[in-house]
Amino acid sequence: MDYGLLKNAIQNAERILIISHVNPDGDTLGSTSALYQVILNNFNKSAQNVDMVYNGIIPEIYKFIPFLDIAKSPQQVKDQNYDLSIAVDIAAKDRMGDSLPLFERCNTRMNIDHHKTNTNFGTLNFVRADACSCGEVMLDIFKALDLKIDKDTACALYTAILTDTGGFRYENTTAQTLFKASELILLGANPSVISRHCYESKPRNMVLLHANCMINAEFSDNNKIAGVCVSNKDMEKYHASNDYTEGLVEELRRINTTEVSYVIKEVDENTSKVSLRSKNTDISVVAQIFGGGGHTFAAGCTIRKPLNIAKEKLVEEIRKVLG
Ligand code: AMP
Ligand code: MN
Ligand code: MN
């Protein structure tokens, strides 16, 4: 991969916009923050000319990631012009939400990602499906270009790698992952502090919402399929913000009988958002049937149907891949 092209694109751009995906997670936020810092610390750019944009809300647990407090909403930057836009951890264009017009408006559109379903939608694409996280791709880029990685940058990258490997537990965890995490610790990332933020700082109502969902979980096909539907009423009951369902789909997969787990969330009366996880089955194909995508064992999509109908259709497709 020719990272020299990436360096030239950054050097040649006067104004740069870094874009994270909707329902932001630790990888998109950590990688965005790291790239922002590296651009300001290594290229001759003024902070006024480099912006980070997020979509929706930044989950409380990720607010410790350096510099996210100055990230902007798409509305805040909608009248700005940039020469270079950079999509970070974004499998498909529609995952940019309201930032998409800002991405499309730029002459140079960069796509830095690690999803195998990524469609190379940029004018410059750095997509590495072998990487555990976009954070790992970023670290490789920074090292290949000999760019300075300070303590705050290391913290952001470590968070990205930690969260996308589920705390170094998923099959995307390799010797390389752990080498790189170790390098980041040597550069100043604090593993226990970061883990505390990511895994031991849940709002009480988030835990209670999860408990309520687990009690109402539905099991089928010899308990191989485990899922929950989360309505807006459930969300209101726990004064839940949008990110409160994060982690629920992994909790369902954790059950010993589960092969595929899903969470379907009501967006509105005709739209449902799906999260899929599996132990051994490629469920990215299920997400793709509904126009989504992702990884082999973690994928997602949006179904333009009411919650219950969406669930029926989804379970039908899951059954097909289970064979
Ligand atoms: P989530 O369940 O939202 O955590 O998403 C799981 C994985 O699937 C992530 O890697 C997402 O980037 C990906 N994903 C989720 N929704 C979509 C979508 N609509 N299109 C493409 N990829 C998606
Ligand atoms: Mn992500
Ligand atoms: Mn990722």
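One-based numbering, in listed order, for ligands and for the atoms of each. Numbers here are sequence positions counted from 1. Predicted, not measured: the structure shown is a model, and the values here were computed from it.
D113 lies apart from the Mn ion (ligand 3) in this respect, since none of its N, O or S atoms is found at a distance under 2.8 Å. Among the atoms of C134, no N, O or S atom falls under 2.8 Å of the Mn ion (ligand 2). For residue D25, no N/O/S atom approaches the Mn ion (ligand 3) to within less than 2.8 Å. Put simply, H115 stays out of reach of the Mn ion (ligand 3), with no N, O or S atom under 2.8 Å from it.
Per-residue contacts place G294 under 4.0 angstrom from the following atoms of ligand 1 (heavy atoms of the residue considered): 8 (O), 13 (C), 22 (N). Residue H295 has at least one heavy-atom neighbour below 4.0 Å for each of these atoms of ligand 1: 10 (O). Set against the non-hydrogen atoms of G292, the atoms of ligand 1 under 4.0 Å away are 18 (C), 19 (N), 20 (N), 21 (C). Interface of K273 with ligand 1, defined as ligand atoms under 4.0 Å from a residue heavy atom, comprises 3 (O).
Sparse packing is recorded around NZ of K151, with 12 or fewer heavy atoms of other residues, nucleotides or ligands lying under 6.0 Å away.
When you scan the N, O or S atoms of H114 for the one nearest the Mn ion (ligand 3), you land on NE2. Within D27, the N/O/S atom positioned nearest the Mn ion (ligand 3) carries the name OD2. Looking only at its N/O/S atoms, D89 has OD1 as the one nearest to the Mn ion (ligand 3). Atom OD2 is the N, O or S atom of D164 at the shortest distance from the Mn ion (ligand 3).
Here the side chains of M214 and L248 are in contact, with some heavy-atom distance below 4.5 Å. Taking the side chain as every heavy atom from C-beta outward, I194 and F64 approach each other to under 4.5 Å. Here the side chains of V127 and N120 are in contact, with some heavy-atom distance below 4.5 Å. For the pair D234/Y238, no side-chain contact is recorded, criterion being any heavy-atom separation below 4.5 Å from C-beta on.
Atom 7 (C) of ligand 1 has its closest protein heavy atom at A298 O, 3.5 Å. Counting only heavy atoms of the protein, atom 11 (C) of ligand 1 lies nearest to R95 NH2, 3.4 Å. In this structure, atom 17 (C) of ligand 1 lies nearest to the protein heavy atom G300 O, 3.2 Å.
Taking only non-hydrogen atoms, the option from H21, E246, H115, R277 nearest to atom 1 (P) of ligand 1 is R277. When the heavy atoms of C301, G293, S275 are ranked by distance to atom 21 (C) of ligand 1, first place goes to G293.
For the residue pair D243 and Y62, no side-chain donor N or O sits within less than 3.5 Å of a side-chain acceptor on the partner. Using modelled atom types, one finds a donor on one side chain and an acceptor on the other under 3.5 Å when comparing D27 with H114.
Cation-pi geometry between R169 and Y199 is not satisfied (NZ or CZ under 6.0 Å from the ring centre, within 45° of the ring normal).
Taking the six-membered ring for Trp and thresholds of 30 and 60 degrees, F103 and F121 have ring planes more than 60 degrees apart, a perpendicular arrangement.
Each of I86, I16, L5 was scored for a side chain to side chain contact (heavy atoms under 4.5 Å, CB included) with M110, with one residue passing: I86.
Side chain of E136 to main chain of T177: no donor-acceptor pair is present (N/O by atom type, distance under 3.5 Å, no hydrogens or angles).
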